Protein chains: 2
Amino acid sequence: MLQYKELESDKYKDLNEARDLIINAMAETMDLYGLTTSTGRLYATMFFLGEPMTLDQMAGALGMSKTSMSNTARTLLEKKVVDKVWQKGVRKDLYQAEEDFFKTFAEFFCHGWRREMEVNLKAINKAEPIIKELSESDDEEVKKVANSDLEKLDNAKRYYLWLERLVESVESGEIYKYIPKPKRKE
Amino acid sequence: MLQYKELESDKYKDLNEARDLIINAMAETMDLYGLTTSTGRLYATMFFLGEPMTLDQMAGALGMSKTSMSNTARTLLEKKVVDKVWQKGVRKDLYQAEEDFFKTFAEFFCHGWRREMEVNLKAINKAEPIIKELSESDDEEVKKVANSDLEKLDNAKRYYLWLERLVESVESGEIYKYIPKPKRKE
DNA sequence: TAATTTATACAGTTCAAACTGTACAAATTA
DNA sequence: TAATTTGTACAGTTTGAACTGTATAAATTA
């Protein structure tokens with residue numbers, strides 16, 4: 001199939017310009033996913049190429065050092081938006097962009113939401129018994145504040161319970177029963 | 001009601017320690033929302049206080065400069081997780097944390113998702129006609145690559161259409177029909 | 001075995017963001 | 001009016017993140 005080098009040919013000039021419009025837009029919005037512009041640009045570049053890419057190709061395409069590409073590629077790998085692939089006879093590492101946005105959506109947000117739940121629930125479970133004890137204090141002031149805190153914690157837990165359900169529904173695909181994927185053309 | 005100063009009294013020592021466990025956890029996970037740890041810590045502090053807070057109180061509570069608090073409070077205001085409130089006879093600006101996590105969830109993600117849609121769809125609408133034209137090129141190679149790009153763009157648009165529906169459903173509260181909020185105790 | 005290729009660890013540089021203190025403008029009080 | 005209070009603009013400092021080039025480890029080839 002198409003080798004990366006060919007895209008540098010002059011006849012792809014217009015196509016590359018059109019692609020760059022979108023690559024820049026994608027790179028710009030990737031901050032929502034905790035990625036830098038550079039990292040976003042690499043992903044978008046790989047997304048359009050559609051083929052596995054080596055670190056050297058990436059360095060050439062973005063005009064950056066191979067060391068940078070090694071780090072950036074690892075970031076994308078950790079975020080699960082690219083895969084490391086293997087090809088017979090190719091000694092270099094190959095990375096390929098995940099092209100299914102529904103999948104990357106699920107990976108990204110579920111991972112983040114789950115981390116949020118875990119970290120915060122862990123802290124709540126540590127703090128709650130202490131506050132519960134204080135809510136039985138003899139000091140009326142302390143009691144009042146502790147009870148108000150307990151209510152806040154209950155609300156937080158209620159929210160995380162809901163978030164858990166949301167994550168499950170996104171990961172299982174149940175969400176698409178409620179909010180269906182638009183049909184493909186034809 | 002409870003004035004901030006009182007919380008510095010020794011009898012609230014245990015309570016403050018318990019709160020700090022959660023404040024630190026919340027501050028740590030706020031990076032998911034594009035906020036720094038400091039910004040997250042301020043929000044969490046205000047969340048627990050439950051009362052409107054002045055810049056001076058914030059500076060005292062976090063041991064940071066008033067200038068920092070002014071900037072950080074503005075950030076929280078822009079992210080819509082705190083409100084500027086007014087109290088009779090109080091000359092200072094007052095900020096109060098939004099305590100409804102469901103609301104902040106909706107604000108945060110819908111805002112982000114909408115920005116992503118807008119920026120990317122704008123770029124797609126600019127690039128697509130160019131690529132469409134190239135897909136009718138005489139050069140078979142160019143044609144092939146252009147057509148592959150068009151398919152990618154269609155998939156992207158399909159995804160953004162879905163995201164739009166998701167945003168609508170979160171903003172309208174329709175989502176809670178499918179994934180209900182857990183019931184409050186009692 | 002030695003020679004070559006590839007990825008990455010590491011050290012150094014550059015740049016941007018976070019924070020501070022000062023100075024000032026706007027509003028309030030006297 | 002002048003004196004005081006409050007929030008923020010601005011300039012300077014510090015810190016950390018992104019990136020580069022070099023050196024090295026690991027793997028492959030000869």
Side-chain angles (χ1 to χ4, degrees), chain A residues 3-5 23-24 26-28 30-46 51-79 81-96, chain B residues 3-5 23-24 26-28 30-46 51-79 81-96:
Chain A
Q3 286 305 107
Y4 171 70
K5 239 347 190 190
I23 289 174
N24 286 327
M26 288 175 73
E28 189 190 325
M30 285 276 183
D31 64 328
L32 290 169
Y33 300 85
L35 298 179
T36 64
T37 311
S38 294
T39 310
R41 176 165 293 114
L42 178 58
Y43 169 76
T45 304
M46 293 171 70
E51 293 281 305
M53 239 180 150
T54 67
L55 292 181
D56 289 315
Q57 287 174 337
M58 298 176 202
L62 302 198
M64 291 176 76
S65 74
K66 197 175 172 181
T67 304
S68 266
M69 295 303 98
S70 174
N71 287 322
T72 308
R74 194 196 1 247
T75 302
L76 290 171
L77 206 57
E78 281 162 7
K79 295 270 182 177
V81 290
V82 306
D83 300 311
K84 211 167 185 169
V85 300
W86 181 87
Q87 267 179 14
K88 198 175 153 182
V90 178
R91 196 144 63 110
K92 306 190 184 194
D93 290 357
L94 291 168
Y95 297 87
Q96 180 159 29
Chain B
Q3 287 304 106
Y4 171 70
K5 235 0 192 183
I23 288 174
N24 286 328
M26 287 175 73
E28 190 190 325
M30 286 275 182
D31 65 327
L32 292 169
Y33 300 85
L35 298 178
T36 63
T37 311
S38 293
T39 311
R41 177 164 294 114
L42 177 59
Y43 169 76
T45 303
M46 294 170 70
E51 293 283 304
M53 238 179 150
T54 67
L55 293 181
D56 289 315
Q57 287 175 335
M58 298 176 203
L62 302 198
M64 292 177 75
S65 74
K66 197 175 170 182
T67 305
S68 267
M69 295 304 96
S70 174
N71 287 322
T72 309
R74 194 193 6 245
T75 303
L76 291 172
L77 206 56
E78 281 162 7
K79 294 270 182 177
V81 291
V82 306
D83 300 312
K84 210 167 186 170
V85 300
W86 182 88
Q87 268 180 12
K88 197 174 153 182
V90 178
R91 196 143 64 111
K92 307 191 186 195
D93 289 357
L94 290 168
Y95 298 87
Q96 181 159 29

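Since the model is a prediction, treat every value here as computed from it, not as a measurement.
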Result for 5'-nearest mapping on DNA chain C, choosing between A/Arg91 and A/Ser70, is A/Arg91
How close or far is atom C1' of D/dT8 from atom CE of B/Met64, stated in whole angstroms? 16 Å
Closest non-hydrogen atom pair between B/Glu28 and B/Asp31, with its separation: O-OD1, 3.1 Å
Rounded interatomic separation in angstrom, taking NZ from A/Lys84 and P from C/dT6: 14 Å
Does any N or O in the side chain of A/Ser70 come within less than 3.5 Å of the main-chain N or O of A/Lys66, such that one atom is a donor and the other an acceptor? no
Do B/Leu77 and B/Lys84 touch side chain to side chain, with heavy atoms closer than 4.5 Å? yes
Would you indicate, yes or no, if C/dC19 has its OP1 or OP2 atom less than 4.0 angstrom from a side-chain nitrogen or oxygen of B/Ser38? yes
Can you tell me if A/Lys66 touches the phosphate of C/dA7, counting only side-chain N or O atoms and a distance under 4.0 Å to OP1 or OP2? yes
Figure out the CE/C1' separation between B/Met69 and D/dT8, and round it to whole Å. 14 Å
To the nearest Å, how far apart are A/Leu94 CG and C/dT6 C1'? 12 Å
Can you check the B/Leu62 CG to C/dA18 P distance for me, whole Å? 15 Å
Whole-Å distance separating the CG atom of A/Leu55 from the P atom of D/dC19: 15 Å
Name the nucleic acid region contacted by B/Asn71, choosing base, sugar-phosphate or nothing; use a 4.0 angstrom heavy-atom cut-off, strictly under. nothing
Can you give me the closest heavy-atom contact between B/Met30 and B/Tyr43, atom names plus distance? CE-CD2, 3.1 Å
Report yes if some heavy atom in the side chain of A/Thr45 is under 4.5 Å from a heavy atom in the side chain of A/Met53; otherwise report no. yes
Please report the distance, rounded to the nearest Å, between CZ in A/Arg41 and P in D/dC19. 10 Å
Phosphate-side-chain proximity, A/Ser65 and D/dC19, N/O vs OP1/OP2 below 4.0 Å: no
Does a distance-only test, which skips hydrogens and angles, find a donor-acceptor pair under 3.5 Å between the side chain of A/Thr67 and the base of D/dG21? yes
Nearest to the A/Tyr95 side chain among C/dT6, C/dT20, C/dT8, which nucleotide is it? C/dT8
Answer with base, sugar-phosphate or nothing: what part of the nucleic acid does A/Thr54 contact at a heavy-atom distance below 4.0 Å? nothing
Whole-Å distance between D/dG7 C1' and B/Leu77 CG? 14 Å
